**Q** 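The structure under discussion is supplied below as structure tokens; questions concerning it will follow.
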Amino acid sequence: MEQVAAAPPPVDLRVTIGSLTLQNPVCTASGTFGYGREFAALVNLERLGAIIVKGISLVPRPGNPPPRIIETACGMLNAIGLENVGVERFITKKLPFLRDLATPVIVNILGDSVEDYARLAGRLSGVEGIAALEVNISCPNVKKGGVAFGTVPEMAAAVTGAVRRETGLPVIVKLSPNVTDITAIARAAADAGADALSLINTLLGMAIDVRTRKPRLANVVGGLSGPAIKPVALRMVWQVARAVSIPVIGIGGITTGEDALEFLIAGATAVQVGTANFFQPTATEEIIDGLAAFLRNQGLSSIRQVIGSLQLE
Amino acid sequence: MEQVAAAPPPVDLRVTIGSLTLQNPVCTASGTFGYGREFAALVNLERLGAIIVKGISLVPRPGNPPPRIIETACGMLNAIGLENVGVERFITKKLPFLRDLATPVIVNILGDSVEDYARLAGRLSGVEGIAALEVNISCPNVKKGGVAFGTVPEMAAAVTGAVRRETGLPVIVKLSPNVTDITAIARAAADAGADALSLINTLLGMAIDVRTRKPRLANVVGGLSGPAIKPVALRMVWQVARAVSIPVIGIGGITTGEDALEFLIAGATAVQVGTANFFQPTATEEIIDGLAAFLRNQGLSSIRQVIGSLQLE
Amino acid sequence: MAEFQEKSTIVRREQLTGDVFRLTVHCPRIAAAAQPGQFVMVRAGETLDPLLRRPFSIHKVTGDGKLAVLFKVIGKGTRLLAAAMPGERLDVIGPLGSGFAPDPGGPHCLIGGGMGIAPLYFLAQHLLISGHGAANPPVLLGAQTQAELLLLAQEFSELGYPVLTATDDGSLGHPGLVTDLLDALLAEVRQVYVCGPLPMMRTVAGKCGQAGVACQVSLEAHMACGLGACLGCTFPASSGGFHHVCKEGPVFRAEEVLWSR
Amino acid sequence: MAEFQEKSTIVRREQLTGDVFRLTVHCPRIAAAAQPGQFVMVRAGETLDPLLRRPFSIHKVTGDGKLAVLFKVIGKGTRLLAAAMPGERLDVIGPLGSGFAPDPGGPHCLIGGGMGIAPLYFLAQHLLISGHGAANPPVLLGAQTQAELLLLAQEFSELGYPVLTATDDGSLGHPGLVTDLLDALLAEVRQVYVCGPLPMMRTVAGKCGQAGVACQVSLEAHMACGLGACLGCTFPASSGGFHHVCKEGPVFRAEEVLWSR
Ligand SMILES: Cc1cc2nc3c(=O)[nH]c(=O)nc-3n(C[C@H](O)[C@H](O)[C@H](O)COP(=O)(O)OP(=O)(O)OC[C@H]3O[C@@H](n4cnc5c(N)ncnc54)[C@H](O)[C@@H]3O)c2cc1C
Ligand SMILES: Cc1cc2nc3c(=O)[nH]c(=O)nc-3n(C[C@H](O)[C@H](O)[C@H](O)COP(=O)(O)OP(=O)(O)OC[C@H]3O[C@@H](n4cnc5c(N)ncnc54)[C@H](O)[C@@H]3O)c2cc1C
Ligand SMILES: Cc1cc2nc3c(=O)[nH]c(=O)nc-3n(C[C@H](O)[C@H](O)[C@H](O)COP(=O)(O)O)c2cc1C
Ligand SMILES: Cc1cc2nc3c(=O)[nH]c(=O)nc-3n(C[C@H](O)[C@H](O)[C@H](O)COP(=O)(O)O)c2cc1C
Ligand code: FES
Ligand code: FES
């Protein structure tokens with residue numbers, strides 16, 4: 001008898017973040033995938049769960065002087081300084097390319113004051129081709145002496161509430177890991193109306209050139225990302241997923257399908273891939289394939305059976 | 001003419017921590033060097049700046065069930081659960097070997113309450129062969145609902161003060177990195193009478209086995225250490241060294257002489273080597289050699305010229 | 001209690017199956033001190049990933065300062081080791097731990113499953129040298145398929161040991177578990193040495209316990225230091241508390257181990 | 001603007017000096033699209049340390065789908081690459097960036113210092129093909145010692161270019177800076193292409209500026225992506241703000257660059 005290779009059984013990778021359904025849980029992390037187009041030659045953008053673009057501010061920002069990046073053990077430090085084209089040029093120059101894709105586009109926004117965030121949310125709400133907003137609250141609040149919005153629950157709530165009032169789009173609040181109790185910030189954002197939470201942003205770090213005795217980054221300190229931070233990110237995602245009832249999006253060092261599965265099992269509804277895009281541009285596609293293969297191997301039909309399935313004694 | 005190889009010019013590696021002078025700034029981190037003897041066949045213990053022993057509690061602790069350790073990207077997670085022989089057996093069984101060395105012995109202490117710490121300090125103060133105490137305040141305060149002493153300035157101050165009152169030995173308070181503002185804890189400990197601060201302890205992290213969907217550590221979460229955390233540790237050491245006027249001891253991922261120099265340049269008076277002892281038992285000796293070579297190359301005579309020499313614009 | 005760290009040179013690399021390799025390295029001080037059941041900690045690769053050393057049983061020791069490790073490719077450490085070529089250097093620490101305590105009187109039965117066979121060969125060499133090998137019952141070797149067993153079974157035979165094999169897929173010897181082969185032998189055995197997957201060792205320990213036969217087992221645990229310092233490598237002890245596998249073990253008497261978990 | 005990712009095979013490994021190596025790899029799609037001055041991002045090793053790809057200029061391209069990179073061992077990435085052997089695979093992304101814009105009319109003067117020589121060879125090949133090489137003034141090559149220069153100088157000669165060399169230790173050619181050799185040539189040159197250490201490029205840019213000679217420089221910056229996405233690879237621009245070296249460069253007109261810092 002002839003063996004006919006059966007098509008692999010279909011698996012359902014869809015997940016839902018608020019009112020938004022993604023074809024799979026694998027998104028690109030803000031600041032690590034440009035405005036999508038930069039990866040078009042190497043990655044099939046149509047396969048992604050969502051594209052989250054580089055953080056956008058009201059007016060263009062030039063960013064920090066160089067050096068801006070430095071490799072560390074299994075990670076990297078960056079102090080880009082939130083360089084971006086500003087919301088108006090984003091809409092006219094960057095969005096049209098993205099709008100032509102079937103993939104949802106999530107815009108990461110950042111500001112120096114609550115009003116900045118509110119105005120950005122208002123400006124972007126009316127614009128076609130935007131599926132959701134991701135609110136980066138790791139930025140310092142210039143009006144409150146530079147303390148990051150993401151480190152004080154009340155400030156996180158204020159930003160979330162202001163954005164919420166300005167938009168009907170799903171609001172994802174992106175949390176900073178540089179805090180004692182991330183669940184307190186998470187609850188504050190959830191209570192203030194966030195539809196979902198994403199975490200983690202980078203850990204604050206530093207490196208020194210011992211020959212010049214200067215910091216390796218012109219900005220002195222920068223954000224640590226990459227596989228090095230994965231254990232911290234996973235712990236925080238697990239803590240937050242237990243603390244809130246809205247969806248959580250896991251970020252931090254995700255490089256392989258197995259990494260993504262760890263976050264999903266810990267309770268994340270979706271994941272974002274950041275630094276891995278740099279050293280392996282096809283990481284997102286490999287992760288999507290990895291999730292599908294895992295479901296098949298385990299005899300599961302939907303990725304939703306995996307989410308939050310951590311077995312504790 | 002014959003060339004006679006000149007002996008390298010002598011370099012002075014001595015540093016001072018409170019009333020304690022170390023022959024060089026390279027110490028072993030608590031919990032990573034056992035009680036010293038475990039490394040005697042591979043490392044010349046007499047060369048070390050100081051040996052800091054595994055954390056000691058009032059009564060022996062069995063520690064957590066296995067698995068207790070797991071490798072991560074450029075790091076490892078541990079959840080030993082503070083297994084130790086207890087203070088009495090430490091004094092009778094472990095200290096005699098250490099006392100016979102010329103190297104100063106620093107005892108790391110841990111407790112579940114302020115009183116535990118005070119009693120440990122009192123018990124160890126009278127004992128010969130102990131050069132200083134290192135107070136691990138990363139432990140949960142069982143009387144205050146399990147919040148770690150190291151995350152609340154008032155609690156850090158209470159432990160520091162209690163130990164201070166019980167002992168004439170130099171008191172080093174060891175800080176946890178899992179906080180929003182480590183300088184607040186640092187100042188609280190300094191104000192309460194610490195002679196020095198050591199940092200960082202491990203970052204809280206997690207790993208999941210996707211096949212079993214169980215945490216890889218029986219304790220679910222554990223402490224992340226190793227090169228992966230070095231950038232975070234260095235940033236915190238730099239912040240704390242600027243915030244307090246007592247000596248700071250840098251810990252976190254230090255593996256090479258260059259790593260140690262980064263911490264010294266950032267303001268640390270000494271360093272501790274932890275996870276590196278596991279994968280490279282001779283790391284401490286190589287670091288000592290590296291510091292001496294650096295001084296010679298740079299034409300410096302004393303390591304104290306390096307401490308805090310970071311060049312900012 | 002003398003451990004050594006040696007930058008050894010790889011003198012031979014053998015590929016036994018698609019994913020089983022044997023490396024022979026020249027590290028005279030470790031080889032000279034090694035006892036059966038002890039292990040080495042090997043640095044795989046030269047960067048910080050993988051970070052920790054990998055533990056491997058000492059599989060063979062030769063008089064001229066060489067020892068061999070036999071391993072299966074599991075993850076990134078063993079993948080890097082499998083790619084190491086003769087002439088390259090390998091940073092090895094050993095001999096570590098407390099090995100088999102060969103009972104002076106036989107008959108001895110050696111039971112190995114999968115890579116658990118590795119330390120048994122060194123033990124078999126040792127028993128021969130001390131005059132306890134020849135008259136012994138068969139060595140029992142189990143694996144998933146015959147490919148893994150062929151060469152190893154032959155080498156035990158060449159030492160003069162009878163060999164019985166079992167494979168999961170029945171491609172060599174008894175189709176099924178190697179532990180099935182033990183029952184027929186237990187009556188004539190005084191001491192069993194076993195190394196292999198945990199369920200296999202548990203079964204053997206149980207059978208030996210019932211038959212009143214002494215049994216030594218070689219345990220595994222994740223290890224950071226291999227030196228007794230990190231306290232990471234615990235295994236529950238029958239007396240309560242934990243054994244530290246790297247120092248008190250890896251070999252224990254079966255009754256010292258809490259098998260129930 | 002088409003980049004490719006290819007798992008290329010190393011077909012040749014040459015060691016030019018103690019720490020300078022040349023790897024020739026088969027990556028037909030990248031080779032076919034490459035322009036002089038562009039670069040590739042190479043994955044060094046197979047684990048997560050080193051993490052980021054390393055940028056290298058495209059040094060040579062051959063018609064049969066091969067390209068070469070020429071590099072000096074600096075740190076762990078280049079150390080691993082130096083140990084890679086023919087037959088092994090190398091993950092390469094390219095061609096990246098915007099390269100030299102060969103001015104249609106010569107005379108062209110190429111100036112390379114150290115590993116900055118790498119992209120100039122490809123440019124020299126290209127100028128020849130487009131008919132602008134033969135009648136040109138000498139190629140100026142500088143390095144620390146002659147060992148680094150011997151083979152490279154010969155290869156430029158074989159292309160038909162006159163070559164002048166300078167070494168820091170005076171072991172070959174002019175003892176001192178390669179930039180010293182430029183003064184005598186500036187009058188007869190229309191276009192200068194330079195790649196090398198920053199101080200050298202600054203000097204050349206200055207001399208060309210004063211002489212009113214067009215000058216293109218190839219800059220370096222730490223890079224994470226090489227694709228214009230991370231915004232990490234900035235260099236101050238004369239117009240204020242920053243250039244992104246990986247996308248707008250690595251080659252710039254000298255007057256676009258803020259040299260003062
Ligand atoms: C005392 C002892 C002796 C051993 N002898 C042998 C032998 O002779 N032949 C052989 O093939 N294997 C042996 N092992 C198992 C071997 O150590 C692992 O297969 C190996 O560490 C896997 O490393 P990896 O990087 O390929 O896998 P990964 O899964 O990537 O390793 C990740 C981490 O888990 C640890 N780890 C993974 N599996 C094991 C395991 N089974 N036991 C302990 N730690 C593990 C690794 O050391 C590493 O720290 C022995 C283990 C111990 C404790
Ligand atoms: C466009 C471009 C083309 C280059 N072409 C060549 C070439 O043809 N031949 C050659 O030998 N070198 C070239 N370099 C420099 C080369 O990239 C570095 O020498 C190499 O990245 C060092 O890596 P490492 O791991 O050995 O050193 P490490 O110092 O360990 O690297 C640490 C980090 O710093 C980065 N880095 C270190 N030095 C440099 C540098 N000079 N420029 C950019 N990043 C650096 C590394 O990429 C890595 O991210 C080029 C650089 C750029 C930007
Ligand atoms: C170069 C770089 C730029 C980044 N820019 C942004 C940004 O603009 N907004 C933001 O919210 N996060 C930004 N991030 C953080 C990432 O989105 C992500 O949260 C972080 O890198 C952790 O994920 P990873 O380890 O997978 O990279 C940036 C990260 C990197 C490395
Ligand atoms: C296995 C292990 C056990 C540890 N035990 C202790 C301890 O008992 N007391 C303590 O204060 N710190 C303990 N630590 C923390 C280390 O002393 C050190 O602060 C931390 O590992 C960071 O340094 P490293 O990256 O060099 O390892 C332990 C760390 C490890 C890895
Ligand atoms: S492996 Fe460290 S104590 Fe056993
Ligand atoms: S290297 Fe990423 S933008 Fe240039």
Side-chain angles (χ1 to χ4, degrees), chain B residues 28-43 53-55 60-85 207 216-218 222 225-228 230 253 255-256 259 274-283 285, chain C residues 1-7 29-30 33 41-55 74-77 91-97 198 219-237 239-247 249 257-258 260-261:
Chain B
T28 60
S30 176
T32 68
F33 209 68
Y35 301 104
R37 187 174 216 151
E38 293 84 347
F39 282 82
L42 302 174
V43 180
V53 297
K54 175 73 189 160
R61 292 187 185 222
N64 289 327
R68 290 181 172 188
I69 53 173
I70 179 82
E71 184 177 278
T72 66
C74 289
M76 62 176 280
L77 287 166
N78 88 78
I80 306 300
L82 302 171
E83 171 180 345
N84 77 91
V85 295
R216 287 194 183 267
L217 296 171
S225 64
K230 198 190 78 177
T255 303
T256 65
D259 294 338
T275 301
N277 294 310
F278 301 153
F279 60 88
Q280 180 55 320
T282 52
E285 291 196 72
Chain C
M1 265 270 307
E3 302 96 15
F4 304 98
Q5 178 173 5
E6 294 193 82
K7 293 247 183 263
R29 292 188 295 166
I30 301 172
M41 290 288 274
V42 179
R43 188 90 191 264
E46 284 171 14
T47 71
L48 297 173
D49 178 38
L51 187 74
L52 300 174
R53 287 169 186 267
R54 301 316 198 223
I74 299 292
K76 54 180 144 189
D91 185 336
V92 182
I93 295 177
L96 299 168
L198 196 55
L219 299 179
E220 286 188 359
H222 281 223
M223 294 184 173
C225 70
L227 299 168
C230 73
L231 309 181
C233 60
T234 40
F235 201 99
S239 58
F242 304 106
H243 293 302
H244 299 99
V245 173
C246 78
K247 201 77 187 172
V257 175
L258 186 68
S260 54
R261 59 158 209 143

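For clarity, every value in this text was computed on a predicted model and none was experimentally measured. So that the names make sense, note that chain A is the first sequence line, chain B the second, and so on, each numbered from 1.
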**Q** For chain C, find which of B:Gly75, B:Pro62, B:Cys74 contributes the most heavy-atom pairs closer than 4.5 angstrom.
**A**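 Most heavy-atom pairs under 4.5 Å with chain C: B:Cys74.
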
**Q** Can you tell me how far apart CG (C:Leu227) and CG (B:Asn277) are? Round to the nearest 0.5 Å.
**A** 9.5 Å

**Q** With only heavy atoms counted, which part of C:Ala224 is less than 4.5 Å from chain B, the side chain, the backbone, both or neither?
**A** both

**Q** Considering only heavy atoms, which portion of C:Met41 lies under 4.5 Å from any heavy atom of chain B: side chain, backbone, both, or neither?
**A**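 No part of C:Met41 comes within 4.5 Å of chain B.
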
**Q** Rounded to the nearest 0.5 Å, how far does CG of C:Leu48 lie from NZ of B:Lys230?
**A** 9.0 Å

**Q** Answer yes or no: are there more than 12 heavy-atom neighbours, outside B:Glu285 itself, under 6.0 Å from its atom CD?
**A**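 Atom CD in B:Glu285 is packed in, count exceeds 12.
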
**Q** For B:Tyr35, is it the side chain, the backbone, both, or neither that has a heavy atom closer than 4.5 Å to a heavy atom of chain C?
**A** neither

**Q** Nearest heavy-atom pair of C:Ala229 and B:Gly34: which atoms, and what distance?
**A**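 Looking at all heavy atoms of both residues, the closest pair is CB-N, 3.7 Å.
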
**Q** Using non-hydrogen atoms and a 4.5 Å limit, figure out which bit of C:His244 sits close to chain B: side chain, backbone, both or neither.
**A** side chain

**Q** Using a cut-off of under 4.5 Å on heavy-atom pairs, state which of B:Ala73, B:Ala228, B:Gly226, B:Pro65 scores highest against chain C.
**A** B:Pro65

**Q** Of all heavy-atom pairs between B:Gly63 and C:Phe242, which one has the smallest distance, and what is that distance?
**A** O-CE1, 3.7 Å

**Q** Can you tell me how far CZ of C:Arg54 sits from CZ of B:Phe279, rounded to the nearest 0.5 angstrom?
**A**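 Between atom CZ of B:Phe279 and atom CZ of C:Arg54 there are 12.0 Å.
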
**Q** Could you give the distance from CG (C:Leu51) to CE (B:Met76), rounded to the nearest 0.5 Å?
**A**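 The distance works out to 8.5 Å.
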
**Q** By a 4.5 Å heavy-atom criterion (distance strictly below it), what part of B:Asn64 contacts chain C: side chain, backbone, both, or neither?
**A** backbone

**Q** Please tell me if the side chains of C:His222 and B:Glu71 come closer than 4.5 Å, counting only heavy atoms from C-beta onward.
**A**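 Contact flag for C:His222/B:Glu71 side chains = no.
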
**Q** To the nearest 0.5 Å, what is the distance between SG on C:Cys230 and CG on B:Asn78?
**A**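 That separation rounds to 8.5 Å.
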
**Q** Is there a side-chain contact between C:Gln5 and B:Pro281 in this structure, where contact means two heavy atoms from C-beta onward sitting under 4.5 Å apart?
**A** yes

